[in-house]
Amino acid sequence: MSHRSQAQILEEEIIPYLTHSVQEPLRCLPLDLKDRLLEIRLRVGRPVMLVHNDGDMVLSEGNTLSKSEMEQTVQFVTRSSIYACEEELRQGFITLPGGHRVGIVGKAVLDEGRIRTIKHISGLNIRLARQVVGAANPVLPYLVESNSFVSTLIVSPPGCGKTTLLRDLIRQLSTGIPRLKLRGYKIGVVDERSEIAACFRGIQQNDVGPRTDVLDGARKAEGIMLLLRSMSPEIIATDEVGSPADILALEEALVSGVRLIATAHGDGIDDLKQRPVLRELVERGLFSRIVILGMSQGAGTIEAIYNGQELKSVFVRTPIIRGEDDETKTCRRPNTGLRYG
Amino acid sequence: MKLRLVGGLILVFATGNLGFAVARRLRERVALLIRLQGLLQFLITEIDFAVTLFPEALIKVGESLGSDVNMFCNQVVKSLDLGLPLSAAWEHGLTSLVNDSPLQPGDIRPLLTLAPIIGLTDSKDQLRHLKLAQEHLRQRQLEAEQEADKNQKLWCYLGVLSGLVTVLILI
């Protein structure tokens with residue numbers, strides 16, 4: 001994969017989707033700010049806000065975004081084809097080429113109690129995708145037993161780098177890790193929210209390895225069963241499990257001899273134990289390892305790694321800095337090594 | 001005498017041609033209105049079944065219809081690539097279409113009414129508007145057919161006869 005600077009990515013993959021009034025001030029931003037940019041937030045009648053590593057700022061003082069500018073941006077983002085983005089609108093986000101995600105809010109139109117679509121769009125949040133190659137290096141040695149990868153659950157509050165860690169785990173396990181004597185695994189990914197592989201019209205925008213099959217947009221429980229039946233995976237990976245149906249599907253996969261990598265929202269092992277559905281995961285020891293991420297030493301800090309059966313810590317806390325292999329030199333965020341998950 | 005005969009023939013040929021040209025435009029107007037309905041039908045298929053993105057749908061549809069409709073589709077896609085919103089690109093394309101075609105300004109009104117909606121609502125709404133515009137175009141086509149039936153022969157005869165009358169007067 002080619003590696004471009006964040007400024008280049010911004011210019012080529014984000015700016016074309018914005019109106020002129022936003023394009024010009026964005027182009028004029030200092031390079032270091034462009035490199036630290038995480039989100040661009042557009043709200044009707046409010047100034048455009050930029051979220052970066054150290055906080056947020058107004059893009060252009062005194063200038064607010066008009067309704068017609070918002071409508072134009074929505075047109076550009078959907079390529080003038082809202083009818084083709086109905087499922088994405090239902091989920092509240094659209095994926096752009098490059099894996100960038102545009103979160104959408106407005107007036108929700110309900111159909112039998114469920115969101116059918118969003119109209120009168122009033123806010124967009126453009127999250128810049130950044131794959132952190134090597135993010136999984138510090139945890140990988142703890143996830144291997146007898147030269148074999150073991151089922152792992154990654155737990156953290158939002159924004160601590162769960163998905164980034166999951167994505168890099170998938171990539172490395174799919175490629176194979178000679179230093180840990182791990183061969184490349186066949187991995188099936190259920191990417192319900194298009195966050196892991198960031199598929200844009202079926203094409204993966206993130207590198208998830210050569211032996212990875214991605215089922216994009218499917219519900220987790222259904223997707224896991226489909227992959228089990230059709231793709232004979234050795235590992236199944238999915239993001240943010242939490243419903244009873246998810247747990248049943250995960251169990252089914254484990255019984256079939258498939259190893260799992262999953263993530264869940266939570267604030268430590270004690271928090272997991274208090275959650276009705278996730279408690280079951282922990283108490284029944286479905287996962288051999290539970291990795292807890294946090295923010296104590298910056299985004300992506302590994303707070304703990306537990307042996308899933310005995311719930312004993314197998315790890316001493318350290319921040320994820322950067323990967324150790326050559327690939328890590330391509331990381332675009334040298335400060336923390338991780339971005340939002 | 002020979003010179004007069006040749007001159008007379010040229011005159012009759014010229015006025016006859018003029019009459020035939022007007023009659024041909026009447027027929028072409030009907031044909032173009034049918035092709036525009038075809039354009040909408042193709043768009044309905046692309047939106048409803050294939051869920052193709054609008055610019056790609058336009059390119060595909062343009063390729064399968066006549067050159068005038070193809071030019072219109074390409075014009076809209078080009079304007080979109082330049083960063084124009086779809087409504088403006090659509091209107092711009094229609095203006096160019098009318099300028100170089102036998103269509104009357106009222107013929108494209110059903111298509112103009114689509115400008116603020118096309119591509120920008122859910123598929124159910126898109127289909128509703130496209131079918132309505134298709135129906136309006138069909139009405140225009142029927143009117144154009146009636147006009148063509150009524151006036152086509154008239155223009156042909158008028159062309160030839162006006163030439164003959166002029167020749168007779170001059171002789």
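Every chain is numbered from 1 and lettered A, B, ... according to where its sequence line falls, protein lines coming before strand lines. Only this structure's heavy atoms are used, side chains among them; waters, hydrogens and symmetry mates stay out. No experiment lies behind these values; they were computed from the predicted model shown.
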Counting only heavy atoms not in [X], do more than 12 fall under 6.0 Å of its [atom1]?
X       : atom1 : value
R27(B)  : CZ    : yes
F93(A)  : CZ    : yes
R90(A)  : CZ    : yes
M49(A)  : CE    : yes
L110(A) : CG    : yes
R46(A)  : CZ    : no

Below 4.5 Å, heavy-atom pairs only: which of Q75(A), E71(A), Q72(A) has the largest tally toward chain B? Q75(A)
Max heavy-atom pair count under 4.5 Å with chain B, selected residue of R79(A), K119(A), H20(A): R79(A)
S80(A) versus chain B, heavy atoms under 4.5 Å apart: side chain, backbone, both or neither? both
Positions in residues 28-61 of chain B that reach chain A, provided some heavy atom is under 4.5 Å away: I47(B), V51(B), T52(B), L53(B), F54(B), P55(B), E56(B)
Just checking heavy atoms, which of residues 110-147 of chain B are less than 4.5 Å from chain A? G119(B), L120(B), T121(B), D122(B), S123(B), Q126(B)
